Number of protein chains: 2
Amino acid sequence: MRIKGKQYQTIWIKAGDNRVVQVIDQRKLPFRFEIFEITTTSGACFAIKEMVVRGAPLIGVTAAFGMYLSLFEFAGETDFPDFINQKAAELKATRPTAINLAFAVEQIKNFILENQRRKDLAEFVLAKVEELKQLEISYSEKIGEYGLKIIEDIYERKNQTVNILTHCNAGWLACIDWGTATAPIYKAFRKEIPVHVWVDETRPRNQGARLTAFELGEEGVPHTIIPDNTGGHLMQHRMVDLVIVGSDRTTANGDVANKIGTYLKALAAFDNNIPFYVALPSSTFDFTMNDGLTEIPIEQRDSAEVSEMEGMANGKIRTVKIIPEKSMAANYGFDVTPARLVTGLVTERGICKASREDILRLFPENQK
Amino acid sequence: MRIKGKQYQTIWIKAGDNRVVQVIDQRKLPFRFEIFEITTTSGACFAIKEMVVRGAPLIGVTAAFGMYLSLFEFAGETDFPDFINQKAAELKATRPTAINLAFAVEQIKNFILENQRRKDLAEFVLAKVEELKQLEISYSEKIGEYGLKIIEDIYERKNQTVNILTHCNAGWLACIDWGTATAPIYKAFRKEIPVHVWVDETRPRNQGARLTAFELGEEGVPHTIIPDNTGGHLMQHRMVDLVIVGSDRTTANGDVANKIGTYLKALAAFDNNIPFYVALPSSTFDFTMNDGLTEIPIEQRDSAEVSEMEGMANGKIRTVKIIPEKSMAANYGFDVTPARLVTGLVTERGICKASREDILRLFPENQK
C-alpha cells in the first residue's frame, strides 16, 4: 500500500544485500517515516519485542526472516540443530500472545533442519521465507475479497456510506500488505463503495490513532479517530454498520484474543445487533486450544506505555508523563472475546461461524 | 478531603472577600495545584465551560455561586428580573448534559426573584448558595454511608481486598467533598476495609488518570490506573468485585448518562455478573425525562481533546499532538447506560433499583 504516494510492504530484503532485512519502523509512525534494518536473529527479537514491527502476521514473517538470518551467525561452536533450536526459542520468547510467531518459527526451523546439508541452504531458506511472506499477502487479499462481500451487502441494503468501526491496527502495517481487518475496507474503497471508518484510538500505544489512521489517510480512506470509550455510544445511535477487527490468536472454538478492549466492542455490537467480524489468516488459528479465556496467555507490558504518551510538539517527538507521581498503572496487552459474541470469522478460505464445526469445515486438515 | 495533607473543598468564598469565589483549578491537576478565582457570572461560565471545574454536583454549585455573583453586576440598565433571567440562561448554556446545572441555576434564580426587594439580598442569596453547597456535601456523605454497606457485604463474603472499578472522576473533586462514586470507597478505607481501586484512565481528558488517581493518592487509597480498554478483561478474570460510577443525569426510568465509555463497562459487568452501581445525589435526577437514549442531550466537545495530550516533561506542562496530520477526531462527552444494566442507584436517601417504581419509592415527591 502507499505512503506518501509510494508503494510499500512492511518488510523486505534490502536491494543488493541479502543479509539485511528492512522494515518500516512502526515506533515512529505517524510522526516520522523511517526504515529499520535487521541483520541478526537478536535484531529480529529486538524488533518484535520493542514493537518496531507488530501485528500478528507481520510478527510471524519477521521471525521467519530472523530464522533465516541465524544461518549467517553459526560459527560451528555447537551442534547445528542445537544452535537452530536455540535461535527458534529466542524468537518465540519475544511475545507470548500472537500464535503466528510460533507457527512461522516452527515452520522455518523444521525447513532448515530438513535441508541442513544443502550447499545453498541460506538461499534455499530465503526462498522459503519469501514464499511464506507471499502466502501472507495472498491470504490478506483473499480476506479482503471475502470481507468485501459483507460491505457490499450492507451498501446494497443501505445505499448510503457504510460506517465501519475497527479497533487497534489490523491494517497492512500489521501484515505485509492489505491487512486483515482493513483488507475488505481497501477493496470496498477501490470499488468506490462509500465507506467511513471509526478508528478506535486503542490505548495504550494508540495503534489505532497512530497506525490505522495513518495508513487509511495515506490511502485516502475517510476516517475519524475516536477514544476507545466512544464505540458503544455510536452503536447505540446506529452510527456503526459493521465492526471488523483482527486477531492475535483464535482457538479451535472460535474464541478470539485481540488487542485489549476488543471484548468491550464485541459486547456493544452484540447488544445493538451490529455484525462483529474478525478477519484472520489461517496462521492465527491455534487448533491446540479451545477455551480462549483460560488458555491463551495474555501479555503484560511495561506500565510506562500507560503512564507516558508520545506525540509531536514543535516539530519534535516528545514524551510526556500523564499520571500523578504517586500512582501506578497496569498494562494488559490483550483480551479474549468469547465466540458467542462473534458474528463470523473472515479467513483466506471464506467466512465461517466462530464455532468448532464451522472452522473445521473450512480447515478440515486440523480435524484430529 | 486532603491535598498534600491539607483539608480542602472544591469551592469556597475567599476569606475576607465575599465577592470572590475560589475553586481548585482542575485543568492543572495533577501536575500543578492552583486556585482559580471567579468574580463574575461570565467567570463562572468560563470555569464551567473550560472545565476549570467539572463533575455534575460541582458544576451545579459553581453555577449557583455564578448566580450570586450576578447580583454585583446589575447596574440598572434593564429590568432586574430580565437581567437575572439572562444570567441564568448564560449559565445554563455552558454545558448541556449535567442536569445539576439547570437544577441549581433555577433554584437560585427563583430565590433571587422571590426576594428581590430585600435590602440584604446578596447576603441572603449567599446564605442560600452556601446551604445548597452544604446540602451537596451531606448528600455525598450519605451516599458514602449507604454505599459502604455494599462494600462491607462483599468484604464479609470475600474476606480479601475488595477490588472496585470506577470510570471518570465522580470523586470529591467532582463534588464539594467526599464525592459520589468515591464516597463509599473513602468510608470503607477509613473503616480499614482493604480496598483497591481500578481507575479507568477515561479518555479523552483523562479525568480518571488525572483526577481520580490524584485524589485517591492524596488520601492514601491503593489504586491502579488502567486504560479504558482494560476493565472487561479484569472482570472476565474476577479481578473486579464491584463497579461504581457517578452520573451527569439519570432519568425517571433509571437510564444513566455518564462520561463516555460508562455503557461499555456496564455491559462487561452485566456479562460477568459483577454488581454495577451508580452513585448520585437527587440533584442529578431528571424526572422530566424517561428514555435516556433518545432524550438526554449528549455534548460534543472540541476534537483537540482527542488529538492532543497534556502531560509533564522536564518539570513543565506540555501538550503533544498524538494523531496524524491528515486525520480528524470526534469527541462525544457522554453515553447513556440503559437501566437494565444497572444493579442499583446509591442516593442520599438509600439504594434503589434503576426503575421508575423504585426511584419514586425513595423520591415520592416527584410522582406526578
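Protein chains get the first letters and strands the later ones, always in sequence-line order, with residue 1 at the start of each. For clarity, every value in this text was computed on a predicted model and none was experimentally measured.
- Note: A/L267 leads A/D335, A/N206, A/L267 in heavy-atom pairs under 4.5 Å with chain B.
- Neither the backbone nor the side chain of B/F270 comes within less than 4.5 Å of any heavy atom of chain A.
- In summary, B/R203 and B/D228 do not engage in a salt bridge, as defined by a charged side-chain N under 4.0 Å from a carboxylate O.
- Using a 4.5 Å cut-off between heavy atoms, B/P30 touches chain A through its side chain atoms alone.
- Comparing A/M235, A/H233, A/Q236 by how many heavy-atom pairs each has under 4.5 Å with chain B, the most go to A/Q236.
- Contacts between B/F214 and chain A at a heavy-atom distance below 4.5 Å involve backbone atoms as well as side-chain atoms.
- Exactly one of B/R54, B/R95, B/K259 qualifies for a salt bridge (Lys or Arg N to Asp or Glu O under 4.0 Å) with B/E299. That residue is B/R95.
- Checked by atom type, the side-chain pair B/S303/B/N331 shows no donor-acceptor distance below 3.5 Å.
- Per-residue heavy-atom pair counts under 4.5 Å with chain A were compared for B/P204, B/S327, B/G217, and the maximum is reached by B/S327.
- Side chains of B/Y8 and B/E215: no donor on one and acceptor on the other come within 3.5 Å.
- Heavy atoms of B/E201 lying under 4.5 Å from chain A belong exclusively to its side chain.
- Between the side chains of A/N258 and A/S247, no donor N or O sits under 3.5 Å from an acceptor N or O.
- With a threshold of 4.5 angstrom between heavy atoms, B/L216 does not approach chain A through any atom at all.
- Here the options are A/R32, A/R210, A/R318, the test is salt bridge (Lys or Arg N to Asp or Glu O under 4.0 Å), and the partner is A/E310; only A/R210 passes.
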